Amino acid sequence: MLNNRLILVGIAVALCVGVTSVYFATRPAKIVLSKSPFVIRFSHVVDNDTTKGKSALKFKELAERYTNNYVGVDIYPNSTLLKDSEELEALRNNKVEMIAPSISKIEALGVKEFEVFDLPFVFSSHAAFRNVINGETGQLILSKINASGVKGLAFWGNGFQIMSANTPLHKPDDFKNLKMRVQNSKARISSMRALGATPIPMNFSSVKDALKDGKIDGLEGVANNYYTQKIYEYQPYMTLTNHAYLTYVVLANQLFWEKLPEQVRSQLDQAMKETSVFANSIAISENDEDMRAIAASGKTKVERLTPQEQRILIKTLLPVHADIQSRTGTDIIQRIYRDAGFMGQ
Ligand code: LMR
């Protein structure tokens, strides 16, 4: 009798612990709102534990410290406030003051120069990427955006993208008839078409459900996002293609930025400058660490391309450069090639 009671109590405790841990694992992180005179609402679509998530938190820490809490920064991660297709409009309509979308999400602004960042194989290393964003070309591209009601503050890189699917991906034939989720950018859509797949542009927050429901067969992305969103659990094969780079552009609402007292703006500029160095320095380790965790999970098979497969992939994707060049003009592409040391692979 006593034993039965003990067993029942044991089961009840185990259920409580189970339910509580599921709740804590799945509930959205609590956002503590700032009471500062100026509040920056900073929305983004990824987890706090990613390059972008950690960098947004770093900006919050530095901005609040340098302004002595005159400016508070409320971070809304993981699409809790806005999906990526809604961010730009919300920024322009003063619903948020800052966002850090990937390049593809700002094509709607019509500043075509940004499209060059999404070209396949244009950066051969992180150093090549940093050379572009820290040089004249990066600053030139960033300044073009200021005419559109938003203020371009910085570029943050999140490293090389890989591909994944329900079936192994080694050669263009493997992509035939696959529905592949892409970010809504001309270069990315064109790249997937060049491989023979059907590109499906979609919000980042919808990817996991689309995989579960079979609406897509695969996608491209960085290890950071595959891991923190648990997307890898729905993709039995991943290939380290490193075919494109994921670039973010940090944007502020232009009026908000301009009406900040000058001293405050320069404190925020300093906070952003330091944050950008931080962001661009953690991207490699963030993604390497998450890739190791994905491989160790045993839930997906992580594969490499042979040198021959890599050559074929490059040859198949390089014609996308000509497509984009017909939209952006040659000058900006040549500048990127020069600063990135692009040799035509
Ligand atoms: C994506 O849509 O795959 C990425 O832009 C998500 C992100 O912001 O890292």
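A quick note: this is a predicted structure, and the numbers were derived from the prediction, not measured. The first residue of the sequence shown is numbered 1, and numbering continues consecutively from there. Remember, it's 1-based here, ligands and their atoms both numbered in the order they're listed.
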(request) Taking atom OH of Y227 as the centre, report whether more than 12 heavy atoms of other residues, nucleotides or ligands fall under 6.0 Å from it. (result) no
(request) Report, in ascending order of atom number, the atoms of ligand 1 lying under 4.0 Å from any heavy atom of L246. (result) 9 (O)
(message) So if I count the atoms of ligand 1 from 1 in the order they appear, which ones are less than 4.0 Å from some heavy atom of S102?
(response) 5 (O)
(request) Would you mind running through ligand 1 and noting each atom that sits below 4.0 Å from a heavy atom of N225? (result) 6 (C), 7 (C), 9 (O)
(request) Determine whether the aromatic ring centres of Y70 and F38 lie less than 6.0 Å apart. (result) yes
(request) For this output row, return yes or no: ring centroids of Y76 and F42 closer than 6.0 angstrom. (result) no
(request) Just jot down the ligand 1 atoms closer than 4.0 angstrom to any heavy atom of R181, in number order. (result) 1 (C), 2 (O), 3 (O)
(message) Judged on heavy-atom distance to atom 9 (O) of ligand 1, which of W156, F204, Y226, Y248 sits nearest?
(response) Y248
(request) Verify, without hydrogens or angle tests, whether S34 (side chain) and S36 (backbone) share a donor-acceptor contact under 3.5 angstrom. (result) yes
(request) Heavy atoms only: give me the nearest L260-R265 pair and the separation to one decimal. (result) O-NH1, 3.3 Å
(message) Closer than 4.0 Å to some heavy atom of K105 - which atoms of ligand 1 meet that?
(response) 1 (C), 2 (O), 4 (C), 5 (O)
(request) Output all residues satisfying side chain to side chain donor-acceptor pair (under 3.5 Å) with S185, sequence neighbours left out; order by chain, then residue number. (result) D118
(request) For K52, counting its heavy atoms only, list the atoms of ligand 1 lying under 4.0 Å from any of them. (result) 7 (C), 8 (O)
(request) Identify, by atom number and element, the atoms of ligand 1 in contact range of V45, meaning under 4.0 Å from any of its heavy atoms. (result) 8 (O)
(message) For H44, which part has a heavy atom under 4.0 Å from ligand 1: side chain, backbone, both, or neither?
(response) neither
(request) Run the ring-centre check on F123 versus F160 and record whether the distance is less than 6.0 Å. (result) no
(request) Examine the proximity of ligand 1 to V207 and report which part, side chain or backbone, both or neither, has a heavy atom under 4.0 Å away. (result) neither
